[in-house]
Amino acid sequence: MKLDQLFSINGKTAVVTGGSRGIGEMITAGFLANGVKVYITARKAGPLIDKAKELSDQYGQECIAIPSDLSSHGGIVDFADELKTRESSVDFLINNAGAAWAEPLDTFSEEGWDRVMDLNVKSVFFVTQQLLPLLRVNADNDDPSRIINVGSIDGINTPVFETYPYGPSKAAVHHLTRVLSAKLVKEDIIVNAIAPGPFPSNMLGPAVGHDYSGIAKANPRSRVGTPEDIAGLTIFLCSRAGAFTVGETITCDGGLVARSGHDLSGG
Ligand SMILES: NC(=O)c1ccc[n+]([C@@H]2O[C@H](COP(=O)([O-])OP(=O)(O)OC[C@H]3O[C@@H](n4cnc5c(N)ncnc54)[C@H](OP(=O)(O)O)[C@@H]3O)[C@@H](O)[C@H]2O)c1
């Protein structure tokens, strides 16, 4: 019952997709700071390799970059093959890489629709499929392997911006989480999703002119999310403490989703 046993993730190996910046970097930092070896992947090799080195130096823990494009099946297979040459097992998979695309409704492009759906939904399924052999190796009833899919509160609430496929893609992530959890719990692999609210990142920044003060003020917690918020929840889900929480989508949003219900009731 001691904290260092309940919440320990020390000595594990993790994969964080989209780990070069934003929420993926925050989760990676939380893992590294607590003794986890982390593989990060993203398309832009230079920034990814630089980030892996920066985080390794900062936390004194191994962070390894494997550049890849997860939006295509071939890119996913190449990534999994490369990972398999380096590791015989993985304990945690964080399916975080995602994209948004905004266009007016009347001219919204097929390209934008496909980009969002391919990366946000299809790649979550196929990255999981390709990494299952590694996730199965250490999975047992006392210490299950973990998969965390990063969804969004836009998959629960109606999004503010004209990002038409984004909300549906994240709702699909939440449901895929439940579907996969029901199947994989029998193999001692636990699947959950986190639905973040606003976190400073390349995805959100341009939409608010890189000024987060307005959305911070509008948030019930009067701020945006921090690395501690997202890393803390991820560590809980990957630790002994999270080992009976299965198939859930847990918001990490300062109370935005809870407040929308309150608003609907007219209160
Ligand atoms: N920030 C928020 O407020 C917020 C809120 C709710 C949910 N989310 C979700 O959180 C996740 C992370 O978003 P973020 O805000 O941190 O975005 P971000 O700053 O844009 O980071 C996205 C990451 O994914 C990588 N990536 C993008 N396309 C890729 C591809 N085809 N293959 C491999 N990697 C790819 C990016 O690197 P490259 O560009 O080099 O590939 C980067 O590392 C996403 O799933 C997003 O939907 C974010």
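Both backbone and side-chain heavy atoms feed into the values below; hydrogens, waters and symmetry mates do not. Numbering of ligands and ligand atoms starts at 1, following listing order.
For atom 10 (O) of ligand 1, the closest non-hydrogen atom on the protein side is V150 CG1, 3.4 Å. Regarding atom 32 (N) of ligand 1, its nearest protein heavy-atom neighbour is L70 N, 2.9 Å. Nearest to atom 3 (O) of ligand 1 among the protein's heavy atoms is F199 N, 2.9 Å. Taking atom 13 (O) of ligand 1 as the reference point, the nearest protein heavy-atom neighbour is M203 CE, 4.0 Å. In this structure, the protein non-hydrogen atom closest to atom 20 (O) of ligand 1 is R21 NH2, 3.2 Å. K44 N, 3.0 Å is the protein heavy atom nearest to atom 40 (O) of ligand 1. In this structure, the protein non-hydrogen atom closest to atom 34 (N) of ligand 1 is A42 CA, 3.5 Å.
When only modelled atom types and interatomic distance are considered, E111 and W113 share no side-chain donor-acceptor pair under 3.5 Å. T41 and S68 form a side-chain donor-acceptor contact under 3.5 Å, judged by distance and modelled atom types alone. For the residue pair S71 and D118, no side-chain donor N or O sits within less than 3.5 Å of a side-chain acceptor on the partner. Judged by distance alone, the side chains of E228 and T226 do bring a donor and an acceptor atom under 3.5 Å apart. Between the side chains of N138 and S89, at least one donor-acceptor pair of N or O atoms lies under 3.5 Å.
Between the side chain of D69 and the backbone N or O of G75 there is no donor-acceptor pair closer than 3.5 Å. Checking side-chain atoms of D78 against main-chain N and O of E82 turns up no donor-acceptor pair under 3.5 Å. S201 places a side-chain N or O within donor-acceptor distance of the main-chain N or O of M203, the cut-off being under 3.5 Å. Of the possible polar contacts, one joining the R146 side chain to the S239 backbone as a donor-acceptor pair under 3.5 Å is found.
The shortest N/O to N/O separation between P196 and ligand 1 does not fall below 3.5 Å. Taking only nitrogen or oxygen atoms, main chain and side chain alike, G18 reaches within less than 3.5 Å of ligand 1. At least one N or O atom of R43 sits closer than 3.5 Å to an N or O atom of ligand 1. The shortest N/O to N/O separation between S201 and ligand 1 falls below 3.5 Å. The shortest N or O to N or O distance between I23 and ligand 1 is under 3.5 Å.
Near N96, the atoms of ligand 1 lying under 4.0 angstrom from a non-hydrogen atom of the residue are 10 (O), 11 (C), 12 (C), 44 (C), 45 (O). When each atom of ligand 1 is checked for a heavy atom of D69 under 4.0 Å away, the hits are 30 (C), 31 (N), 32 (N). Counting the atoms of ligand 1 from 1 in the order shown, those under 4.0 Å from a heavy atom of S152 are 6 (C), 7 (C). Taking every non-hydrogen atom of G151 and a distance limit under 4.0 Å, the qualifying atoms of ligand 1 come out as 7 (C), 9 (C). Atoms of ligand 1 found under 4.0 Å from any heavy atom of Y166, numbered from 1 in the order shown, are 6 (C), 7 (C), 8 (N), 9 (C), 46 (C), 47 (O). Close contacts between ligand 1 and G197 involve ligand atoms 2 (C), 3 (O), 4 (C), 5 (C), 6 (C) [criterion: under 4.0 Å to a heavy atom]. Which parts of ligand 1 touch G98 is read off a 4.0 Å heavy-atom cut-off, strictly below it: atoms 44 (C), 45 (O). With ligand atoms numbered from 1 in the order given, ligand 1 contributes 32 (N), 33 (C) to contacts under 4.0 Å with heavy atoms of S68.
Within the structure, ligand 1 has L119 among the residues with a heavy atom less than 4.0 angstrom away. Look at K170 and you'll find a heavy atom under 4.0 Å from some atom of ligand 1.
Counting heavy atoms only, A97 comes closest to atom 26 (N) of ligand 1 of the residues P206, A97, S20, G46.
Between H73 and F126, the ring planes lie perpendicular to each other; the angle is over 60°, past the 30° to 60° tilted range.
Within a 6.0 Å radius of CD in E187, other residues, nucleotides and ligands contribute more than 12 heavy atoms.
Contacts with ligand 1 closer than 4.0 Å are made by heavy atoms of both the backbone and the side chain of N202.
Between D50 and K44 there is no salt bridge, since no side-chain N of the basic residue sits under 4.0 Å from a carboxylate O of the acidic one. Residues K12 and D143 are paired through a salt bridge, judged by an N-O separation under 4.0 Å between the basic side chain and the carboxylate. Ion pairing between a basic and an acidic side chain is recognised when a charged N comes within 4.0 Å of a carboxylate O; E87 and K37 show such pairing.
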